[in-house]
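Report on one structure; see the data block that follows.
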2 protein chains.
Amino acid sequence: MAGFGTVGSGLARVLDENRQWITERTGREMVIKTILVRDLAKPRAWPVPQGATLTADPAVLTDDPEIDVLVELMGGIAAPHAIIKRALEAGKHVVTANKALLAEDGYDLYRLAEQQNVGLHHEASVAGGIPIVQTLKESLAGNRIGSLVGILNGTANYILSEMTSNGLDFATALGQAQELGYAEADPTLDIEGHDTAHKLVLLIRLAYGMDYPYAELPVQGIAGIDRMDIEFARELGFRIKLLAQVRDVDGKLEAGVFPTLVKHTFLIARVGGAYNAIRLEGNAVGPVFLHGLGAGSLPTASAVLADLMTVARGAAPHNTGFQRQVPPRADILPPADAESSYYVRAMVPDNPGVLRDLAGAMADHSISIAQAIQKGQHPQGVPLVFMTHAARASAIQGAIAQVQAAGLLLAPPVCYRVLQ
Amino acid sequence: MAGFGTVGSGLARVLDENRQWITERTGREMVIKTILVRDLAKPRAWPVPQGATLTADPAVLTDDPEIDVLVELMGGIAAPHAIIKRALEAGKHVVTANKALLAEDGYDLYRLAEQQNVGLHHEASVAGGIPIVQTLKESLAGNRIGSLVGILNGTANYILSEMTSNGLDFATALGQAQELGYAEADPTLDIEGHDTAHKLVLLIRLAYGMDYPYAELPVQGIAGIDRMDIEFARELGFRIKLLAQVRDVDGKLEAGVFPTLVKHTFLIARVGGAYNAIRLEGNAVGPVFLHGLGAGSLPTASAVLADLMTVARGAAPHNTGFQRQVPPRADILPPADAESSYYVRAMVPDNPGVLRDLAGAMADHSISIAQAIQKGQHPQGVPLVFMTHAARASAIQGAIAQVQAAGLLLAPPVCYRVLQ
């Protein structure tokens, strides 16, 4: 095991508590032999499993012929990449929870695993305990996936849930998430949507067998999201969620991470607190919805353990869910051409004619308005809220640029997608 | 393929439409060679797949060395049992959707599949397109399952949903389900809970590795359920669902199929129409919820296809999720000792003292009452509704027998579990 933090200690605990059960299932016993840590002298938050040795030298692990599997739970990219590579070269199976590594720099590892005929498993890399990797790779493998949306970051979802249910503002909700240990000291990856984006890249590979480069994925986070918009959305019958989203639009993939309004009757609107969920639509299975804990010590350990048990059963490597180990580049729908309904809030001065001019800018870009509400006076001006019918991102951007150029707005407008 | 009805035709369609995709995934092409039907002369509702031959003789299928896999979609028990047995003896893999056969008479087939080192797969036998078999067998295999509840019959759920949302009575909702093709002409298996019970027996094997004999499972259906109780439940904040339920109570299994009150905020209360869902609790993963279409041509075909693709990949047989192919008998908690909260409705005459006497009977059996409501006058008497705290089934039965013996009731009382 490389890394002995939250997930590593959870795995040690589950392997210990469920030892007999795991053997009944697999016919093998799993033993943690060596644990790679950065600093041997650092006091450990969890007891080292009986019989295991700590080391700070990766080679002690990767070069030990008695070790069959490397479980990589270090985080980061360069260091785990080097260790996984060396383990694969030594003919070991690898189980990893590392979404950043796989999404940004994983393909050579798949090639190597194929050459070595070993497993490279990563159930724990997306949505923690929810079995979405296995489901896409095997259970729903015969389906063409029309669309997939997911709540894949528990921290962001916790913040939005608290803002929605308890009326907190963003900073307070974030602070509370940090106190509870949901959010890191530096919460950037979570609240800016990058963690969700890493996971989405992996889900696109599994569902479509296509490479959507991480660097090209449109990503909008929830930093500084305004309580006012959560409140307006709620009045309109919606919840705001940070969604990963991908659809097949006539053979092109349209994907991204966006704060999105979701109708309150949808199951995915009801995903609260630190939970994760995925909703997908297959051309045979229809809609499927999976819900569970997307992070944390034991739920993530559950997913790692599933991969370990697959290895223990001696299953033939089935790493990508496809014959090819490196997917071709996706045919990407340019994000400007993506269609969606939108929620737009503009802060305007209390002058006659502003609503007309705003509506005119929408009309100039052929955006059809489904609902418009103007409500009360806020300290920063009068909020005008529009819900549009389906419109291209480029049209929305054009209309917004037009009203900004005309000096109609007191602040940059807020603009979120609406899930159909 | 044995059987060419709704699911068989759906499978033929998906194999055709997703042909190239399936080959990209598995590296193999799947061809339907022979289809066993009962009556060759009968006009077919669906076109026979190109290149396939119809036969009425099972041996044409089971004895053909060119055929690698038997897909059994016939229904019934004795006839498919004989065909599956012969196919396994001939070294063929088997994929079946037949929950009744596996639940009532499947063990010799598992033994045979093991001897022959072939696959015996049944993802489609429980909850249609929802990948619950794979999830229990592999993805959550390292977990001890504390409890599992499921809505496993779309017909029953459709009827209850229509009664709840549209105020229909049972007979009207059943008639509507039959018109829409959800319910069979003889809906007994669905509404009496036997279909749900078959599926529960299979889920118990997968989750616990234990045999809970089908014949011993307590089963209560929804036939004749009263709109009045749906309405009272709703006023109390609950929906009535037909639930399959199993829990580990200190190492003993407590299981059964019961109409159950579910708090309206629970995801499983929001499963509408013909959908299915499963909620389980693992000791590592925590709560997991899966939702999708539990029946129908294409969703069921999706599950059959998943099994076929597992076979096509050449995966080693992994039929039960355990080393042993036949599970030991479960240590069963006697149903009389099962604890639950209950919803009880009694119809009483409008006399003073009846509520006191009823409450007295509850107290005599140490049943603690959480809520009691008495509401208006119905043509059949005054309905008294109790919600109890957790009580043993035997205590509830005892209290009911006592009030019935005392002649306090105008009709047999209604008594449903409440999901905690």
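Every value quoted in this text rests on a predicted model; they were computed, and no experiment measured them. For the numbers below, each heavy atom of this structure counts, side chains included, while hydrogens, waters and symmetry mates do not.
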Do you know which of [options] has the most heavy-atom pairs under 4.5 Å to chain A?
{"options": "G27(B), A277(B), G286(B), P299(B)", "value": "P299(B)"}
{"options": "L267(B), T320(B), T310(B), L305(B)", "value": "L267(B)"}
{"options": "M309(B), H318(B), E123(B)", "value": "H318(B)"}

Heavy-atom pair with the smallest gap, counting every atom of [X] and [Y]:
{"X": "A141(A)", "Y": "R25(B)", "answer": "O-NE, 3.3 Å"}
{"X": "V14(A)", "Y": "A284(B)", "answer": "CG2-CB, 3.8 Å"}
{"X": "P131(B)", "Y": "S139(A)", "answer": "CB-CB, 3.3 Å"}
{"X": "L140(B)", "Y": "S302(A)", "answer": "CD2-OG, 3.9 Å"}
{"X": "V285(B)", "Y": "L293(A)", "answer": "O-CD1, 3.9 Å"}
{"X": "L298(A)", "Y": "N283(B)", "answer": "CD1-O, 4.1 Å"}

Between [X] and chain A, with a heavy-atom cut-off of 4.5 Å, which part of the residue counts as in contact: side chain, backbone, both or neither?
{"X": "T26(B)", "answer": "backbone"}
{"X": "N143(B)", "answer": "both"}
{"X": "T265(B)", "answer": "neither"}
{"X": "T135(B)", "answer": "side chain"}

* Asked: Is the number of heavy atoms from other residues, nucleotides or ligands under 6.0 Å of N166(B) CG greater than 12?
  -> yes
* Tell me, yes or no, whether the heavy-atom count around R13(B) atom CZ, taken from other residues, nucleotides or ligands under 6.0 Å, exceeds 12. => no
* To do: Name the region of T300(A), side chain, backbone, both or neither, that has any atom closer than 4.5 Å to a heavy atom of chain B.
  => neither
* Under-4.0 Å salt bridge between E17(B) and R144(A) -> no
* State yes or no: are the ring centers of W21(A) and Y208(B) separated by less than 6.0 Å? => no
* Asked: Is there a donor-acceptor pair under 3.5 Å between the side chain of Q323(A) and the backbone N or O of E24(B)?
  -> no
* To do: State the CZ-CD distance between R313(A) and E138(B), to the nearest 0.5 angstrom.
  => 4.0 Å
* Asked: Hey, what do you get for CG (L290(A)) to NE2 (H291(B)), rounding to the nearest 0.5 Å?
  -> 11.0 Å
* To do: Specify which of P287(A), G129(A), G292(A) makes the most heavy-atom pairs with chain B at under 4.5 Å.
  => P287(A)
